[in-house]
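First up is the structure itself, then whatever we jot down about it.
Throughout, numbering of the chain's residues begins at 1 and tracks the sequence. In each ligand, atom 1 is the first atom listed, and ligand 1 is the first ligand listed.
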Amino acid sequence: MTSRPTLVLIATGGTIAAATTSSTDTTGYVAGTLPAEALLAAVPAIGEVADMRVEQLFNMDSRDMGPAHWVALAQRTRAVLDDPDVAGVVITHGTDTLEESAAFLDATLSPEKPVVLTGAIRPATALSADGPVNLYDAVRVAAQPASAGRGVLVCFGGRIFAAAGVRKADTTATNAFQAPPGGVVGQTDPVRYFAPPAARPDPLPLPESADRLPRVDILYVAAGSPPEALDHAVASGARGIVLALPGNGSVPEAWREPVARAVAAGVPVVRASRVGAGPVTPDADDAELGTLPAGDRPPSAMRVLLMLVLAQAEESAP
Ligand code: SIN
């Protein structure tokens, strides 16, 4: 008799849980309608890999998720992982803001067991639905002891990504996700990793409630964008700013003064890039203006991280 690991599927909605009346319609659907049980029932082969428990945490379009959902998802994931009978967690999620939830979970949990997010670009009713195979792959990844100790993972389109830095990079392609160099850590056919797990930073504190997460705004800086947007964001309550800047996080002349003003007022300003690939490297502006380079993180993930860092700083302030 073979013993299968017990995994928990935490379902949150998304296109992977969407259905339409036409098998050729891949875009006109409401995300987050099918229950978690239906997703599992569509892939009987999962029963050969793991014994699945199911939790329907939300059933929603991920565009409507925010800090309260991230906190609830992280708290539930942590509680489930604490069960000694549970070998790992699979989370189904809408792809539109999967990168934010992945960044939040990765920064706040230090899971000794696999935690794997997945989703789909096409609804469950599509001729070419990618949800069933993505779910099957995510379960196979979560069932592998070799997936432990690697932080939170995203499994999509046959590739395994480290959560840090992963981003949705295509609106409709089934291989929608991309990662910085080294961010694709493995593949699914068969499940294998390209390198042993790397050392990981200590997790940031998981706030008890989303109220503890300060507001951080992302400002997209186009050619000629008026810099007043930055003063306005600070005046209206942003406690941190992530600039999605041209190129390698290049601060336009007109933005220098407002950036310096925000930093002087105690509002950290991160230089991220609107390009979509490649790092933002440290430069002279960081010394002159007090900005922080985003490195390999996209603006979305950088915002999540800055919220958590600011929350930690506030928590430990005298
Ligand atoms: C969503 O993010 O919930 C809808 C889009 C998707 O899952 O691909």
Donor-acceptor pairs under 3.5 angstrom involving side-chain atoms of residues 122-134: please list them, not counting sequence neighbours.
unit_1 : atom_1 : unit_2 : atom_2 : d
Arg122 : NH1    : Ser128 : OG     : 3.0
Thr125 : OG1    : Thr20  : N      : 2.9
Thr125 : OG1    : Thr20  : OG1    : 3.1
Asp130 : OD1    : Ile121 : N      : 3.2
Asp130 : OD1    : Arg122 : N      : 2.9
Asp130 : OD2    : Ile121 : N      : 2.9
Asn134 : OD1    : Gly157 : N      : 3.1
Asn134 : ND2    : Gly119 : O      : 3.0
Asn134 : ND2    : Asp130 : O      : 3.4

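Residue pairs that meet the salt bridge (Lys or Arg N to Asp or Glu O under 4.0 Å) test with at least one member in residues 256-278, sequence neighbours left out, are Asp231-Arg261, Arg256-Asp285, Arg256-Glu288, Glu257-Arg261, Arg271-Asp283, Arg271-Asp286.
For ligand 1 and Asp61, the ligand atoms under 4.0 Å from any heavy atom of the residue are 1 (C), 2 (O), 3 (O), 4 (C). Applying the 4.0 Å criterion to heavy atoms of Gly14 picks out, from ligand 1, the atoms 3 (O), 7 (O). The ligand atoms of ligand 1 that sit less than 4.0 angstrom from a heavy atom of Thr15 are 4 (C), 5 (C), 6 (C), 7 (O), 8 (O).
Checking Thr15 against Tyr29 by side-chain atom types alone, a donor-acceptor pair falls below 3.5 Å. Ser236 and Arg215 form a side-chain donor-acceptor contact under 3.5 Å, judged by distance and modelled atom types alone.
Of the charged side-chain nitrogens involved, none lies within less than 4.0 Å of a carboxylate oxygen, so that Asp296 and Arg167 do not count as a salt-bridged pair.
With a 4.0 Å cut-off on non-hydrogen atoms, Ala120 touches ligand 1 through its backbone and not its side chain.
Looking only at distances, a side-chain donor or acceptor of Glu99 sits under 3.5 Å from a matching main-chain atom of Lys168.
Counting protein heavy atoms only, atom 8 (O) of ligand 1 is closest to Thr95 OG1, 2.5 Å. Protein heavy atom closest to atom 3 (O) of ligand 1, with residue, atom name and distance, is Ser62 N, 2.7 Å.
Looking at ligand 1, you won't find any N or O of His93 less than 3.5 Å from one of its N or O atoms.
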